[in-house]
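Reading through the structure tokens given below for one structure.
Computation of the quantities below employed the complete heavy-atom set of this structure, encompassing side-chain atoms and omitting hydrogens, waters and symmetry-equivalent molecules. From a predicted model like this one, the values you see are computed outputs, not experimental measurements.
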Amino acid sequence: MATSSNAVGAISSAGLGSGLDVNSIITSLMKVEARPLDMLKQQASTLNTQISTYGKVQSYFSTLKDKANALSSGTLWDSTTATASDTTSIKVSAGAGATAGNYAVTVGTLAKSQTVVAAAQASSSVDLGAGMITIELGTWSGSPIDTFTAKSGATPVSVDIPEGAATLADVRDAINAANAGVVASIVTDASGARLSIRSKDTGVENGFRISATETFDDGNAATGLSSLNFDLAGGPSQMTEQQAASNATLLINGIPVSSASNTLNDVVDGLSITLLKTTASAVDVSVAPDTAGIKTKITEFVTAYNELSTYLRTQTAYNGDTKAAGPLQGDQAAVSLLNQLRGVLNQTSSASTAWTQLSQAGISMKGDGSLAIDDTKLNDALKNLPELEKLLATDGADAASSGFIRRYKDLADAALGASGTFSSKTSGLQDRLKRNTKSQDAMQVRLDQTEARLRKQYQALDASMASLSGLSSYVTQQMAMLAKNTGSS
């Protein structure tokens, strides 16, 4: 409430002199003046809602595009899946390049690592003394075994065992830190602590020999670091071999196969075979087109389409229950997108010689514009993958010769492109919102000026009425006194 002071220091407030409720009057007048601003604010709210709604539609379209891309990918249609009749003996998986086929796999032996064990010590803290351990990877051969052939590309690794760090546990840790192609561990039981060393990888080429030298030789090969020597070719050898390195042996369709690893990759193109145990008879392995994966991608596309279609339909319609229009009702761009989605199925396709309509392969449009899958028809269509791929994914010279999913991909590409519907529509809405904001700012300035002018005018009116009220009281007083004096005379 505005206040003012007169020349003699008396304080007055708007409305006190006149008796008028000036603040209520001005508030009511400003509500009328502010109606254009309220309309601008409502318009801004509508624009923000439309921008948000278009953002959601764009997100749904992006998902549709992703699902269409997945269904249009040649990799999907070339994908295969592998199964084994005995999954406890063999694990199989199909990768890129795997072709359909059937195989009989018989596992004779599994690939193994070489394992050697040292004599027992009282505990893992027994000091073996300083020195050097050298580990070489290679193949043992001969009958009896008497020859060691170093592994191609491998070099001997020397492991330094310094004084003060030469316990059995220290030796284990030093060997493991050396990355020599072996793994050391300590096994402790009633007989004591024994160092066990095994090759990290399986296969005959990953056998190893160990030579140990002591900084201070006690002359006893069975004690200290010299107790870790291992050499089947006639050298010092105190450790005991528990398991020899060996290759896996198997038959694939009767063909003998040897492998250093129990996982065989690309022995059959694109097929990975992991051997779990030996078999008494052949295990049937089947590699077939991944129809289940293709069906999943089709289902995902239909779901994405229905989410987009349903959202667009509700945002462009009038809701009779809520008596409210969708934020995009009457929006020609949104209505056009909805019509284009539905229109893709209206034109037949010449891409496949087996079918011309998507509904013939089990995907049809319902009355509300959503898609539905007929499992029976789709499963039948999946038995003819080459023609189904053509019906869905062919990139033809025009729409008539293109697959239906390819058409949806092209529609999404156009709508989401730099000059597409979403870019132009969102840009237009944002420009309108910016102009609206400027109009609101200008309108607020005018309203502030109008309120200031009204308050000034009513303060002047209040002062005038206060003055007139005072004069009226004075005149009334004087007339009363005059009447009293006249009556007494």
Less than 3.5 Å apart, which donor and acceptor atoms pair up between the side chains of residues 154-166 and the rest of the protein, not counting sequence neighbours?
| unit_1 | atom_1 | unit_2 | atom_2 | d |
| --- | --- | --- | --- | --- |
| Ser158 | OG | Thr134 | OG1 | 3.3 |

From [X] [atom1] over to [Y] [atom2], what is the distance, rounded to the nearest 0.5 angstrom?
| X | Y | atom1 | atom2 | result |
| --- | --- | --- | --- | --- |
| Leu128 | Asp170 | CG | CG | 9.0 Å |
| Thr303 | Lys67 | OG1 | NZ | 8.5 Å |
| Leu312 | Gln340 | CG | CD | 10.5 Å |
| Leu137 | Lys151 | CG | NZ | 6.0 Å |
| Ser402 | Leu392 | OG | CG | 12.0 Å |

Check the orientation of Phe301 and Tyr408. Use parallel for under 30°, tilted for 30 to 60°, and perpendicular for over 60°.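 Tilted: the ring planes of Phe301 and Tyr408 meet at 30° to 60°.
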Should the pair Tyr60 and Tyr311 be assigned to parallel (<30°), tilted (30 to 60°) or perpendicular (>60°) ring geometry? tilted
If you count the non-hydrogen atoms of other residues, nucleotides and ligands that lie under 6.0 Å from CG in Asp269, is the total more than 12? no
May I ask you to decide whether Lys295 forms a salt bridge with Asp375, counting only side-chain N to carboxylate O separations under 4.0 Å? yes
Looking at Lys377 and Asp380, is there a salt bridge between them, counting it only when a charged N and a carboxylate O are closer than 4.0 Å? no
With sequence neighbours left out, write down each residue that passes ring-ring contact (aromatic ring centres under 6.0 Å, His included) with Phe148, or none if nothing qualifies. Trp140
